[in-house]
Amino acid sequence: MATEIELKYFVVEQNVKQSISQLLTDNQIEFDLQVKQLGNSYFDTPDLALRKLDMGLRVRTQNNAREQTIKTSGNVVAGLHQRPEYNVSINQGFPELSLFPQDIWPATANVGILQQALVALFDTNFERVTWLFTFNTSTIELAYDRGTIESGGRIDSIDEIEVELVKGDTKDLFALAQLLFSGIKLRPGTKSKAARGYALWRDDNEPLDQSLEIYHQKEGVLSAFLIGVGQCLNQIQSALDTYFKTSQLQDLSTFVDALASLRHGFWLFNDYMSNESRNLRAELSHFIQLFSWVDNAIYLKELMNKTGNYRKKLEYSEQLIEQLKLEKRRVPDKANVVELICSERFNRLQLALLKLLVSNEQSGYFCSVSETVNLRQFAQQKLTGSLTELHKGMVACEKQNVQQYIAQRPILHRSLLTGAWFGSLFEGELRQQFRMPWVDIQKGLCELQTLWIIHQQLEKLAEQPIKIVKWQHSKVENLMHALEHSIEGALNMAAYWYE
């Protein structure tokens, strides 16, 4: 058995082979270069029995030689893949499960029945270019794969880099990744070729989980923070995977929300943070600010959507439509987004967060850490403080003052994020009953923001169309009444974390 430890990155530029060789040469790194064609067939039962055991089975063909491999349950965080694997040379193209060690199978697995049910699901065929070299004190293999995944006539592309630690220290793996960031546009890859192949075989895409919930059990305070960071990182990269496929602003918004949730965790646990950790929080704030335009872009898109709720009313004024089109053209395009996402600075931030999770140097990120602190009491304290801030802000709002209510959106968002970080520690039904009115209020404030954008654009017109002005005022007035009623009810709800 070998435990594969590697970093995986998706490539978003051309001439990758030349760029890698040049980068290594420029840094006086001598390497052995190989190019080979790899063909892989992946197998499972029709009901994905191996997948349910968190196992992946393949047969690889290389230079007329075949090898069967099974990968067992492992860990994937932020592009770092760690999975035990077992390899056996074979003569045929169909796997034989009995050749693997018997102790890898769960007690409930019947290997004979699994063998009889095996079918081929999908194939991967790609060119692999490898650079084998010594970096600092470690032996590292860098592989660039380019090709296709195929299943039932459906095809997905492969264009990725894997950096594998053959022998040595994980620190050197991270250091080499930082070197790659300086010369190549990359983004971390959380989905293996196999995971993408399964999705292709099913002919579907797993829906993006937009819940941003952090799931804890009875860990200490530090452990709870690290679990949350890992979950947020995976959510960030899942959202980016989806955005690269869809180019939809809503998926980009989910990415920004995940960044905000991660930063919020650093704020919640601030008393335990060192200056190094606070630097990470500052970097998160930097990128959140760079993407602060996304919300307004979504509102503008809704306003300009021909099937949107407000479009028919807005068409009474061609001048207003032109003004909104002008605002929409100022929104950064996907090329600008990709440049930020694949920048050296953002990749370094993600790698630093990954090192925080997996390195043995966590003491450098924390101070005054005590795992004896009661996590539930800690959560109650943070939830109470968040709700107090929200109460204070909402009560201070003057009736019908739109801008004051819109200004409460960040406070409400932070309160909901606090609930997302600690909610799994408390009874689910009570929590949902408390949370749902505030989620509805958040939606109402978003709609109020959309109507306020219309108001702002109307004010820029030389002649304001009376019909639209009256309609906008009426919509705002009705929405404000509804919000005030909802807020009054939500403020009177008992806190679920003390039930």
Side-chain angles (χ1 to χ4, degrees), residues 4 6-24 31-44 51 56-71 76 79-81 83 85 87 89-90 92-95 119-132 140-164 166 177 180 183-206 237-238 240-242 244-246 338 342:
E4 184 180 55
E6 65 181 19
L7 290 166
K8 184 188 295 289
Y9 291 96
F10 295 134
V11 177
V12 289
E13 66 172 53
Q14 303 298 316
N15 303 318
V16 177
K17 288 187 285 188
Q18 296 90 326
S19 297
I20 292 175
S21 290
Q22 189 64 53
L23 189 64
L24 295 176
F31 54 84
D32 292 327
L33 180 69
Q34 288 189 1
V35 180
K36 49 195 170 188
Q37 295 292 327
L38 298 180
N40 303 279
S41 294
Y42 286 78
F43 297 83
D44 206 328
R51 183 77 166 165
L57 174 66
R58 76 172 183 225
V59 171
R60 168 168 288 175
T61 302
Q62 179 184 336
N63 299 328
N64 297 319
R66 293 190 178 95
E67 181 182 66
Q68 66 178 37
T69 297
I70 194 162
K71 295 188 180 185
V76 179
L80 180 71
H81 296 242
R83 297 194 73 181
E85 65 173 47
N87 303 294
S89 296
I90 57 174
Q92 73 282 352
F94 202 86
V119 295
L121 301 183
F122 55 91
D123 298 317
T124 64
N125 294 283
F126 52 91
E127 178 188 74
R128 167 163 287 181
V129 185
T130 59
W131 296 259
L132 184 65
I140 291 176
E141 183 181 77
L142 194 162
Y144 170 54
D145 296 339
R146 185 177 176 87
T148 59
I149 306 170
E150 300 182 34
S151 180
R154 294 177 293 277
I155 299 177
D156 196 3
S157 63
I158 297 171
D159 199 356
E160 63 190 41
I161 285 175
E162 295 176 355
V163 189
E164 182 176 354
V166 178
L180 291 174
I184 305 170
K185 286 186 172 61
L186 305 168
R187 64 183 182 90
T190 55
K191 287 189 177 180
S192 66
K193 297 180 188 70
R196 293 165 62 199
Y198 279 109
L200 203 62
W201 175 72
R202 290 192 304 265
D203 192 23
D204 69 5
N205 288 305
E206 295 179 7
Q237 288 160 15
S238 293
L240 289 179
D241 282 346
T242 304
F244 269 78
K245 290 178 182 176
T246 66
V338 170
C342 300

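As a basis for the values below, the full set of heavy atoms in this structure was taken, side chains included, without hydrogen atoms, waters or symmetry mates. Computed from a predicted structure; not experimentally measured. Here, residue 1 is the first one in the sequence, and each next residue gets the next number.
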Requested in this report: Only counting residues at least two apart or in another chain, list the ones meeting salt bridge (Lys or Arg N to Asp or Glu O under 4.0 Å) with Lys36.
Outcome: none
Query raised in the report: Can you list the residues that meet the side-chain hydrogen bond (donor to acceptor under 3.5 Å, both in side chains) rule with Ser157, with sequence neighbours excluded?
Result: none
Query raised in the report: What are the two closest heavy atoms between Ala143 and Thr130, and how far apart are they?
Result: CB-CG2, 3.9 Å
Requested in this report: State whether the number of non-hydrogen atoms from other residues, nucleotides or ligands found under 6.0 Å of Gln14 atom CD is greater than 12.
Outcome: no
Query raised in the report: Does a side-chain N-to-carboxylate-O contact under 4.0 Å join Arg128 and Glu141?
Result: no
Report task. Could I get the full list of side-chain contact (heavy atoms from CB on, under 4.5 Å) partners for Arg58, not counting sequence neighbours? Result -> Asn40, Tyr42, Arg60, Thr69, Lys71
Query - Check: Trp131 and Leu24 side chains under 4.5 Å, non-hydrogen atoms - result: yes
Requested in this report: Can you sort out the partners of Glu127 under side-chain hydrogen bond (donor to acceptor under 3.5 Å, both in side chains), two or more places apart, ordered by chain and number?
Outcome: Lys17
Query - Partners meeting side-chain contact (heavy atoms from CB on, under 4.5 Å) with Ser19 (sequence neighbours left out) - result: Glu13, Ile184
Query raised in the report: Is there side-chain contact between Phe10 and Cys342, with heavy atoms separated by less than 4.5 Å?
Result: no
Requested in this report: For Phe43, check ring-ring contact (aromatic ring centres under 6.0 Å, His included) against everything at least two apart and list the hits.
Outcome: Phe94
**Report entry** Atom CD of Gln62: over 12 foreign heavy atoms under 6.0 Å
**Finding:** yes
Report summary line: Looking only at heavy atoms, the pair that brings Asp123 and Ser41 closest together is OD1-OG, 2.8 Å
Report task. With sequence neighbours excluded, tell me which residues meet salt bridge (Lys or Arg N to Asp or Glu O under 4.0 Å) with Asp159. Result -> Arg146
Query raised in the report: Does the side chain of Val12 reach to within under 4.5 Å of the side chain of Leu186, using non-hydrogen atoms?
Result: no
Query - Note, Ile161 side chain near Ile20 side chain (heavy atom, < 4.5 Å) - result: yes
Query raised in the report: Which residues pass the salt bridge (Lys or Arg N to Asp or Glu O under 4.0 Å) test with Asp241, sequence neighbours left out?
Result: Arg187
**Report entry** Side chain to side chain, Leu132 and Val166, heavy atoms closer than 4.5 Å
**Finding:** yes
Query raised in the report: Is there side-chain contact between Leu180 and Leu142, with at least one heavy-atom pair below 4.5 Å?
Result: yes
Query - Test log, rule side chain to side chain donor-acceptor pair (under 3.5 Å), inputs Glu85 and Asn87 - result: CA-CA 7 Å; Glu85 65 173 47; Asn87 303 294; 3.2 Å; yes
Query - Under the side-chain contact (heavy atoms from CB on, under 4.5 Å) test, residues paired with Ser151 that sit two or more places apart - result: Phe122, Arg154, Leu200, Trp201
Requested in this report: Return the set of residues passing salt bridge (Lys or Arg N to Asp or Glu O under 4.0 Å) with Glu160 (not counting sequence neighbours), or none when no residue passes.
Outcome: Lys8, Lys193, Arg196
Query raised in the report: Excluding sequence neighbours, so at least two apart, what forms ring-ring contact (aromatic ring centres under 6.0 Å, His included) with Phe244?
Result: none
Query raised in the report: What pairs with Thr148 under side-chain hydrogen bond (donor to acceptor under 3.5 Å, both in side chains), at least two apart in sequence or on another chain?
Result: Glu150
